[in-house]
There are 2 protein chains.
Amino acid sequence: MTSRQYDLGGAELEVLKVLWDEGPVTVRDVMTHLHDNGRQVAYTTVQTLLTRLEQKRYAASDKSGLAFVYRAKVSRDRVTRYRRKVLLSQLYDGAAGPLVLQLVRTEKLTPEEVRELQALIDELDTRR
Amino acid sequence: MTSRQYDLGGAELEVLKVLWDEGPVTVRDVMTHLHDNGRQVAYTTVQTLLTRLEQKRYAASDKSGLAFVYRAKVSRDRVTRYRRKVLLSQLYDGAAGPLVLQLVRTEKLTPEEVRELQALIDELDTRR
DNA sequence: GGCTTCCTCCGACAAACGTAGTAGGTTGTC
DNA sequence: GACAACCTACTACGTTTGTCGGAGGAAGCC
């Protein structure tokens, strides 16, 4: 259990998302965005979170003017893929099929999404 | 952050899965199953995990003969649904569509699964 | 009746996480 | 040049999670 790659807590992820969405930002910028999202958190808490993200190599920083500016070092896609994989292996025995079926059955898809899905299936069909 | 319902760590989930798959079992049973799955873990560790599961109301136990027998109190479906929801809200903004598309695109579905998926889509289509 | 085996109860401990306070430096403004 | 506003560095602390060890009691065996 020592791999733990792309493993981060909820609060850390929240901060990383700000980095993804807002590009290079300062501690204060992140705090402001979190506050805007209704997440009341102290300045130094954000700072700690960013420092940890940097220790874990999910982010990097440079001194720019009077404050450090942080940016993400891992892509959203990479983290997302990893989490998806974890969910799949932890609860679906690694099989994507059942998860897909459940999602389509229980969550509302937009017409647009349904169209795309149909297109994908067609492709899978003709490919065989 | 005080809801934390259906929130359990990886090791706790492993134990819960044994309860789901094997029905009422003793500490030793669980340990044996974990060992069979390649997870080397001490007897008392399993005991602690089961105790915590019980504290969190995910499991219950009765004294049966000389050892306690544990059983799951939450369904696999309930936990699975919750975890799915967490993934969705943490990384997909709550929208299932993108996740479904990614899964279909990147994971191999069996022909059978594709057929089921097609059937589901057809239903969605005619329902509109 | 003593030895081995199993079980439960408790305590413990390190790492990870979420959260934040304090100290001390830089800067901008009257 | 003093004060307010910011910034970084460091420390800290409670909770959760993963992992066990030891003490002490019932049971089976010879």
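Residue numbering restarts at 1 for every chain, and letters A, B, ... go by the order of the sequence lines. Values below: all heavy atoms of this structure, side chains included; hydrogens, waters and symmetry mates excluded.
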Looking at A:T45, I'd like to know whether one of its side-chain N or O atoms comes within less than 4.0 Å of OP1 or OP2 on C:dG18. no
C:dG21 phosphate, OP1 or OP2, under 4.0 Å from A:T44 side-chain N/O: no
Nearest whole Å is fine: how far is [N] [atom2] from [X] [atom1]?
X: B:R52; N: C:dG11; atom1: CZ; atom2: P; value: 14 Å
X: B:L8; N: D:dG18; atom1: CG; atom2: C1'; value: 13 Å
X: A:L49; N: D:dC10; atom1: CG; atom2: C1'; value: 16 Å
X: B:L53; N: D:dG18; atom1: CG; atom2: C1'; value: 13 Å
X: A:M31; N: C:dT19; atom1: CE; atom2: P; value: 14 Å
X: B:E54; N: C:dT8; atom1: CD; atom2: C1'; value: 12 Å
X: A:D62; N: D:dT8; atom1: CG; atom2: C1'; value: 15 Å
X: A:Q40; N: C:dA20; atom1: CD; atom2: P; value: 9 Å

Establish whether B:L101 and A:L101 are linked, either directly or via other cluster members, by ILVMFWY side-chain heavy-atom contacts under 4.5 Å. yes
Let me check something: do B:V18 and B:L13 share a hydrophobic cluster, defined by ILVMFWY side-chain heavy atoms less than 4.5 Å apart, either directly or through other members? yes
Could you go through B:Y43 and B:M31, starting from their C-alpha distance and side-chain angles, then the distance that decides it, and tell me whether this counts as side-chain contact (heavy atoms from CB on, under 4.5 Å)? CA-CA 6 Å; B:Y43 183 93; B:M31 185 185 74; 3.8 Å; yes
List the steps and the verdict of side chain to side chain donor-acceptor pair (under 3.5 Å) for B:Y92 and B:Q102. CA-CA 11 Å; B:Y92 293 87; B:Q102 276 181 351; 2.6 Å; yes
Consider only side-chain N and O atoms of B:D29 and B:T32, and report whether a donor and an acceptor are under 3.5 Å apart. no
Would you call A:E107 and B:K85 a side-chain contact if the rule is heavy atoms closer than 4.5 Å? yes
Does any N or O donor sit under 3.5 Å from an N or O acceptor when you compare the side chain of A:R39 with the base of C:dT19? no
Does A:T48 make a side-chain donor-acceptor contact with the base of C:dA20, cut-off 3.5 Å? yes
Can you give me the N/O atom pairs linking the protein to nucleotides 4-7 of chain D at distances under 3.5 Å, or say none if there are none?
residue, atom, partner, partner atom, Å
D:dC7, OP2, A:R28, NE, 2.4
D:dC7, OP2, A:R28, NH2, 2.8
D:dC7, OP2, A:Y43, OH, 3.3
D:dC7, O5', A:Y43, OH, 3.4

Does a sphere of radius 6.0 Å around CG in A:D93 hold more than 12 heavy atoms from other residues, nucleotides or ligands, not counting ones at 6.0 Å or beyond? no
Shortest side-chain distance from B:K56, nucleotide among D:dA12, D:dT17, C:dA20: D:dT17
